[in-house]
Each structure stands twice: as structure tokens, then as C-alpha cells.
Amino acid sequence: MPEGPEVHLASRFVNDACRGLVFGGCVEKSPVSRNPEVPFESSAYCISSSARGKELRLTLSPLPGAQPPREPLALVFRFGMSGSFQLAPSEALPAHAHLRFYTAPPGPRLALCFVDIRRFGHWDIGGEWQPGRGPCVLLEYEQFRENVLRNLADKVFDKPICEALLDQRFFNGIGNYLRAEILYRLKIPPFEKAREVLEALQQHRPSPELTLSQKIRAKLQNPDLLELCHSVPKEVVQLGGKGYGPESGEEDFAAFRAWLQCYGMPGMSSLQDGRGRTIWFQGDPGPLAPKGGKSRKKKSKGAQQGPEHGSEDPLLPSTAPSRTRGAQRGLSEQTTAWQPEGTSLSQDPEVPLVPKKGRRRGRPKTSGGQQAFLSIVLWGEEGHHQMGCAGGRGRGGGGWGESSACGLSCHLTCPPPRPPQTPKDQS
């Protein structure tokens, strides 16, 4: 998920890529996007960008003499899970380009595209930053620090510090990997109470006897949590890359992967916080750790022997699979697990294949993700295989070889029809 540094890198990319380009015509929105149409048309305009926290503002400014005469228009983007900007030839648009700004002739026609695979991104017309978001941790450090320390009575600071760091009213631009890296550097347990961690900063005042250079040196050598909320994102921006650098594919993320010290790294532990997001840490999780939560330790690749011996790698931006591919993998794994008798997989004789009313014992466990994608009933009302999927087809939909509502085909072999029951059998 793009965090503050990724949004700032996107803004810098837009300004660099669009410098000297003249755009023209209408703004084109994909038909599948639920975002608003952009009511802008001009024969010649330029595009500029700025960023604040996790938001990006795009300004469309008509050039002198452009027709029809009109005022500049601003759009504010929030990137959701997978938003980004790309510049591409108009005849080779990237997939999932949901908003497109085309260059004007002469010259090769290009398109600046807002690309969003998962479609959680959003844009608003008018250019106003979203109300309620606090000052940017990158560009408005003094205001950011004052806003946090002035509002420590807010109930969000009753929560663990790892959860408070995701509240954009106070930490605008901080996300999942940044909070892990910041807490790790300070050796702060992620489930310490946020107020107790931050109240100590109210009392911290540098000695008036120190010179300015001494104060700066002291801050650099011993930064506090709020200072790291500013400096750690700056480090990521200075790395560059992340899909906006000169390299292509995985190579553009190499510097970022080498920079990570905690997030998803071998030797680190992980827990789910109260919002269901994974926090990576080292050592004691802290007194507010979820009760019953089991910490999972990431082992090195050489030490991992199988799924039961380690957790999966976190989904970094360059490797995060699309929702479609993830769904297909989940379907394939589940259909293998539920193959009926006669297949190459051995069946546990203790596990009944026919669902029964009431509570069933010995039922194979399936993950929540698998249940969300597929529900299989081996014996239906008609005595044959039925399939329902999350797309909504439900019981009776999708027999052998038919596609379910999610667009995936069932590849299970239907068991033979059940013989009709006699009254004696029913008793």
C-alpha cells in the first residue's frame, strides 16, 4: 500500500515527466471506475503536482490562448492499495489505467495515467486536501509535532503506539512498513501505550546552553519518535525508485529492499494489531499485545522447511500479486484439498465428505480467504456436485465445466448420483 514516501515519489515523477509537455483535449476515465468524471477540456494545458501526507494534488492549468477559456482545475488523489502514475504511449496504455490525460499534437501522443489495479484509489475534484488529516510528516514537521503533543488527551493515544501511528489525523503519511521501521530503531515495543511513549517527549527540552550546531548534532544522534516520523520517510524518498526510478521491474525496488531493517525481515516477529494489520518487531511486543495472539517469527529462507515453519513474505509493492491471481491460487489450492475419493490424494477416513446438519467434527480446516472465494457442496439437493462462489451464483450454479460467477471453472469430478432413499432408509 503506498505510504507517504511513495506518494511524494509519484508527485516528483509527474512533475519531471510532464515538464515541457503540452496536454490537450478531454480527460478520459475508464468505464469501470466508480470515481467521478473530470469535467475538463482544453486545447492546451500543462500538468503539475504536489503531495501532502498520503494525498497527491494534480493541477491542470490552461495555457494562454487555449480554447475554450477556463480556470485551472485541481484533483486530489488517494492511492488506496495500488495507485500509481505512469506515462505511456497512447497506443500502449498500461492495464488498469483508470484516468488518462493525453498530450496535444504535434509529436507522439502520450498519456499520463492513474493506474490502480485494485481500484481502491480515489480522486476528488476541487483540489482540497481531505478534511481531518493532520500536517504532513515530511513537509510540515513542526506543525506535525505540535499537533501530536497538543492532543495527547485524544482517545487514540489510549491504544498501542503501533495503532496510533496509523491515525492520519496525527501521523499523516505513516503506514505499515514505516511504523515498523521507526519503532524498531528506537527499540519501542509496538504494544506499549501510545500516550506513555509520547508524554515523555513533552518534557524533553534541549539545554539552553547548547549551541545551535550542538542541538542539531544531538537530534541526529538521538532522535525521538516524532523526529523519526519525519526523517525515516525522507530516507525512502531519497532512495528513489519504487516504480518511479530509471530501472525496470524488480531492480527499481532493490535499494528499498536493502534499506529495510525490520519489516518482514528474517529474525523479526509479527502480530496482528487491533485493526487486523500485521506489525513486525523484535523482542517483547508490550503490555497491550492482543490476548491469545501468537507471535510468528520470520526465519531465513534457508531455515524455512515448509509452511508450518515460517510465515510468508510480506507483500512488498513490486511483488504484491493482483487480486485476480491471488483468487486463482486460492481456488486451485482448495479444489486440490477437496478432491473426492478416487483421486491421487489420500482421504482421511475420519473426515466425512457429506455435510451433515448440526455441528460436524473432524471437518478439515480452511482459511478465511479460501472460504471467501469458494464454497463446495459435494452432495446437493439433486444428488450431484454443486458449486457456489463469492460472485453470488450460490447453490445450483456451476456444474462440471461451467464457469462460476467469479469467472473460474470448477475442475472437480462429480460423484455418482445418490440412489433414491426408501422410507426404510429414511428411518
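FYI, the numbering just counts along the sequence from 1.
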Quiz prompt | Evaluation steps, side chain to side chain contact (heavy atoms under 4.5 Å, CB included), between Leu228 and Arg185 | solution = CA-CA 9 Å; Leu228 285 185; Arg185 293 191 187 189; 4.0 Å; yes
Practice problem: Would you kindly say whether Ser33 and His98 are connected by a side-chain donor-acceptor distance under 3.5 Å? | Solution: no
Quiz item: Are side-chain heavy atoms of Arg257 and Glu250 found at a separation under 4.5 Å?
Solution: yes
Practice problem: May I ask you to test the Trp259-Val232 pair for a side-chain heavy-atom distance under 4.5 Å? | Solution: yes
Quiz item: With respect to Leu21, which candidate in Ile47, Leu87, Leu112 satisfies the side chain to side chain contact (heavy atoms under 4.5 Å, CB included) definition?
Solution: Leu87
Self-check item: Pairwise side-chain contact, Arg57 with Trp129, heavy-atom cut-off 4.5 Å (strictly under)
Solution: yes
Quiz item: Between Lys242 and Asp252, is the closest basic N to carboxylate O distance under 4.0 Å?
Solution: no
Quiz item: In chain order, what residues pass the side chain to side chain donor-acceptor pair (under 3.5 Å) check against Ser82, with sequence neighbours excluded?
Solution: Asp116
Quiz item: Is the shortest heavy-atom distance from the side chain of Asp273 to the side chain of Lys159 under 4.5 Å?
Solution: no
Quiz item: Is the shortest heavy-atom distance from the side chain of Phe157 to the side chain of Val148 under 4.5 Å?
Solution: yes
Quiz item: Does the side chain of Leu288 reach to within under 4.5 Å of the side chain of Ile161, using non-hydrogen atoms?
Solution: no
Quiz item: Taking the inter-plane angle between the rings of Phe144 and Tyr141 on a 0 to 90° scale, is it parallel (under 30°), tilted (30 to 60°) or perpendicular (over 60°)?
Solution: tilted
Quiz prompt | Full working for side chain to side chain contact (heavy atoms under 4.5 Å, CB included) between Leu60 and Phe101 | solution = CA-CA 10 Å; Leu60 317 180; Phe101 308 85; 3.9 Å; yes
Practice problem: Before giving the answer on side chain to side chain contact (heavy atoms under 4.5 Å, CB included), spell out for Val27 and Glu37 the whole-Å C-alpha distance, their side-chain angles and the decisive distance to 0.1 Å. | Solution: CA-CA 8 Å; Val27 179; Glu37 296 281 353; over 6 Å; no
Self-check item: Distance, nearest 0.5 Å, that separates CG of Leu138 from NZ of Lys234
Solution: 8.0 Å
Exercise. Side-chain contact test, heavy atoms from C-beta onward, threshold under 4.5 Å: evaluate it for Leu178 versus Phe171 and give yes or no.
Key: no
Self-check item: Residue pair Asp224 / Arg145, side-chain heavy-atom distance below 4.5 Å
Solution: yes
Practice problem: Decide side chain to side chain contact (heavy atoms under 4.5 Å, CB included) for Leu93 and Cys113; before the verdict, give the C-alpha distance in whole Å, the side-chain angles of both, and the deciding distance to 0.1 Å. | Solution: CA-CA 8 Å; Leu93 294 176; Cys113 306; 3.9 Å; yes
Practice problem: Would you please test Tyr263 and Phe256 for ring pair (Phe, Tyr, Trp, His ring centres under 6.0 Å) and show each step? | Solution: CA-CA 11 Å; Tyr263 183 76; Phe256 173 70; 8.1 Å; no
Quiz item: Which value, rounded to the nearest 0.5 Å, describes the distance between Ile174 atom CD1 and Cys229 atom SG?
Solution: 4.5 Å
Exercise. Report the C-alpha separation of Tyr184 and Phe281 in whole Å, then their side-chain angles, then the decisive distance to 0.1 Å, and conclude whether the ring pair (Phe, Tyr, Trp, His ring centres under 6.0 Å) test is met.
Key: CA-CA 6 Å; Tyr184 169 76; Phe281 62 95; over 10 Å; no
Quiz item: Taking only residues two or more places apart in sequence or in another chain, which ones pass ring pair (Phe, Tyr, Trp, His ring centres under 6.0 Å) with Phe23?
Solution: Tyr45
Quiz item: Side chains of Tyr102 and Glu28: is there a donor and an acceptor less than 3.5 Å apart?
Solution: yes
Quiz item: Can a salt bridge be assigned to the pair Arg52 and Glu140 using a cut-off of 4.0 Å between side-chain N and carboxylate O?
Solution: yes
Pair up each side-chain donor or acceptor in residues 72-80 with any protein partner under 3.5 Å, not counting sequence neighbours, and list the distances.
residue: Arg78; atom: NH1; partner: Glu55; partner atom: OE2; Å: 2.9
residue: Arg78; atom: NH2; partner: Asp124; partner atom: OD2; Å: 2.5

Quiz item: Hey, is Asp167 close enough to Arg169 for a salt bridge, meaning N to O under 4.0 Å?
Solution: yes
Practice problem: Enter the distance from Leu152:CG to Glu196:CD here, rounded to the nearest 0.5 Å. | Solution: 11.5 Å
Exercise. Working to the nearest 0.5 Å, report the span between CG of Leu165 and CG of Leu198.
Key: 7.5 Å
